[in-house]
Amino acid sequence: MSAIVYISEADDPERWRNALIPALPEADLLRDFHVWPDGMAGLEDYGQVDIALVWRPEPGVLMKFPNLKAIINLGAGVDSIVADQTWPRQVPLVRMVDPALTRHMSEFILHRVLHFHRKFHIYEDMQRRHDWRELPQAETLERRIGILGMGELGGDAARHLVALEFKVAGWSRSEKHLDGVESFFGADQLPAFLGRTEILVCLLPLTPETTGIIDATTLGQLPKRAFVINAARGGHVVEADLLAALDSGHIEAAALDVFQQEPLPDDSPFWNHPKVVLSPHIASLSVPKSSAAAIAENIRRVRRGEPPRDLVELDAGY
Ligand code: NDP
Ligand code: OXD
């Protein structure tokens with residue numbers, strides 16, 4: 001007996017069930033797809049559940065299912081799961097790698113980079129003041145973009161920025177070999193990477209090593225009037241340090257999609273900050289129709305006793 005439990009408050013479970021039905025035709029998902037916590041009535045025993053489809057499950061909930069063969073995350077970042085002290089570490093944890101998720105993130109990064117590069121943060125303000133002037137424009141071929149995190153998302157964003165002929169560098173744990181992208185890796189090379197970066201993009205996973213990585217020290221290593229784009233996790237940024245750097249003018253402007261506390265509290269200084277453009281954690285969104293085939297294939301693999309693809313490396317935490 002096998003069954004799927006869906007645990008997420010962020011999305012409509014029917015979108016996921018409807019996408020999975022054609023992708024996994026051998027399963028009876030009208031019977032064997034249960035939505036936590038209110039749709040569990042048809043299940044006799046939690047021991048029947050072998051697959052958990054999750055997004056930010058509440059701490060402790062995964063422990064209730066003793067026979068899980070895989071926890072499949074419905075997003076790329078698994079930080080909320082690995083932060084749960086009770087998370088069953090012996091169960092394979094799969095993260096989302098999906099072309100639509102990747103594409104949407106690259107769209108977001110391109111949009112924000114171009115916004116700052118072409119000075120729309122200033123032109124939009126000028127419009128409000130009826131100010132018709134042309135500002136000096138930096139040359140694309142000389143504009144230095146730096147991406148923290150060169151995985152699925154950082155790598156794709158880098159490729160798109162290279163296609164527009166920006167000068168692109170990436171920082172990761174291991175060295176990368178991407179056409180047109182200068183690779184920096186490891187903690188030792190972070191200051192040199194930051195020193196050459198005018199527009200900083202964060203696409204790191206949130207781990208103990210990367211928490212608070214954008215702080216007064218690293219911001220201070222960026223050149224004066226640099227820009228910061230954070231589309232990864234709020235925990236990467238020490239928010240008070242970023243606010244201080246914006247207020248001092250060392251950082252010219254920031255685009256923030258993610259925050260320490262989400263939803264962003266009503267009294268957050270970021271809402272009305274003149275140098276901040278923000279969005280409600282929508283840089284990229286999971287698309288059930290696009291990711292259903294890969295999820296179904298992983299379900300098949302674990303049910304056959306094979307390891308799933310896109311496994312999270314437990315020691316690395318991402
Ligand atoms: P990947 O696991 O594919 O890539 C992570 C990258 O970060 C790798 O290049 C890795 O290096 C690098 N990295 C990890 N730890 C370190 C470290 N300590 N020092 C240097 N580099 C490090 O992740 P994805 O690209 O799929 O996703 C990245 C993050 O984006 C997610 O974890 C999630 O938090 C966020 N995200 C945000 C979304 C949003 O809507 N705002 C949507 C989707 C994702 P190496 O290659 O050497 O291993
Ligand atoms: C993700 C996200 O990690 O949407 O996929 O934040």
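In listed order, ligands and their atoms are each counted from 1.
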Asks: Which atoms from ligand 1 have a heavy atom of Val258 less than 4.0 Å away?
Replies: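 Near Val258, the atoms of ligand 1 are 41 (N).
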Asks: For atom 43 (C) of ligand 1, which of Leu148, Leu153, Val78 has the closest heavy atom?
Replies: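 The nearest heavy atom belongs to Leu153.
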Asks: Can you find a non-hydrogen atom of Met96 under 4.0 Å from ligand 1?
Replies: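 Contact check Met96 vs ligand 1: negative.
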Asks: Which atoms of ligand 1 are found less than 4.0 Å from any heavy atom of Ala76?
Replies: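 Within the 4.0 Å cut-off of Ala76, ligand 1 contributes 26 (O), 43 (C), 44 (C).
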Asks: For Leu203, counting its heavy atoms only, list the atoms of ligand 1 lying under 4.0 Å from any of them.
Replies: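 Under 4.0 Å from Leu203, ligand 1 has these atoms: 28 (C).
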Asks: Identify the protein heavy atom lying closest to atom 7 (O) of ligand 1, giving its residue, its atom name and the separation to 0.1 Å.
Replies: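 Protein heavy atom with the smallest distance to atom 7 (O) of ligand 1: Pro205 CD, 3.3 Å.
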Asks: Could you please provide the protein residues found below 4.0 Å of ligand 2 on a heavy-atom basis, arranged by chain and number?
Replies: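 Heavy-atom contacts below 4.0 Å: Trp55, Gly75, Ala76, Gly77, Arg233, His281, Ser284.
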Asks: Would you call Lys167 and Glu198 a salt bridge, taking side-chain N to carboxylate O under 4.0 Å as the test?
Replies: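 Result for this pair is no, no salt bridge flagged.
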Asks: Check whether any side-chain N or O of Asp257 sits under 3.5 Å from a backbone N or O of Ala231 as a donor-acceptor pair, and report yes or no.
Replies: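 Side chain of Asp257 to backbone of Ala231, a donor-acceptor pair under 3.5 Å: no, none is there.
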Asks: Show which atoms of ligand 1 fall inside a sub-4.0 Å distance from at least one heavy-atom site of Met105.
Replies: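 Reading through ligand 1 atom by atom, the close ones are 37 (C), 38 (C), 39 (C), 42 (C).
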Asks: How about Thr102 and Asp156: does a side-chain donor come under 3.5 Å of a side-chain acceptor?
Replies: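 Not at all, the side chains of Thr102 and Asp156 share no donor-acceptor pair under 3.5 Å.
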Asks: Check each of Ala232, Cys202, Gly151 against atom 6 (C) of ligand 1 and report the one with the nearest heavy atom.
Replies: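 Among Ala232, Cys202, Gly151, the closest heavy atom to atom 6 (C) of ligand 1 belongs to Gly151.
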Asks: Check the angle between the aromatic planes of His115 and His121 and answer parallel, tilted or perpendicular using the 30° and 60° thresholds.
Replies: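 His115 and His121: tilted rings.
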Asks: Salt-bridged, Glu152 to Arg103, with N to O below 4.0 Å?
Replies: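 Salt bridge between Glu152 and Arg103, a charged N being under 4.0 Å from a carboxylate O: no.
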Asks: Give the residue and atom name of whichever protein heavy atom lies nearest to atom 2 (O) of ligand 1, and the separation in Å to one decimal.
Replies: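 I find the closest protein heavy atom is Tyr318 CD1, 3.2 Å.
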Asks: Answer with side chain, backbone, both or neither: which part of Glu152 has a heavy atom less than 4.0 angstrom from an atom of ligand 1?
Replies: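 Answer for Glu152: both.
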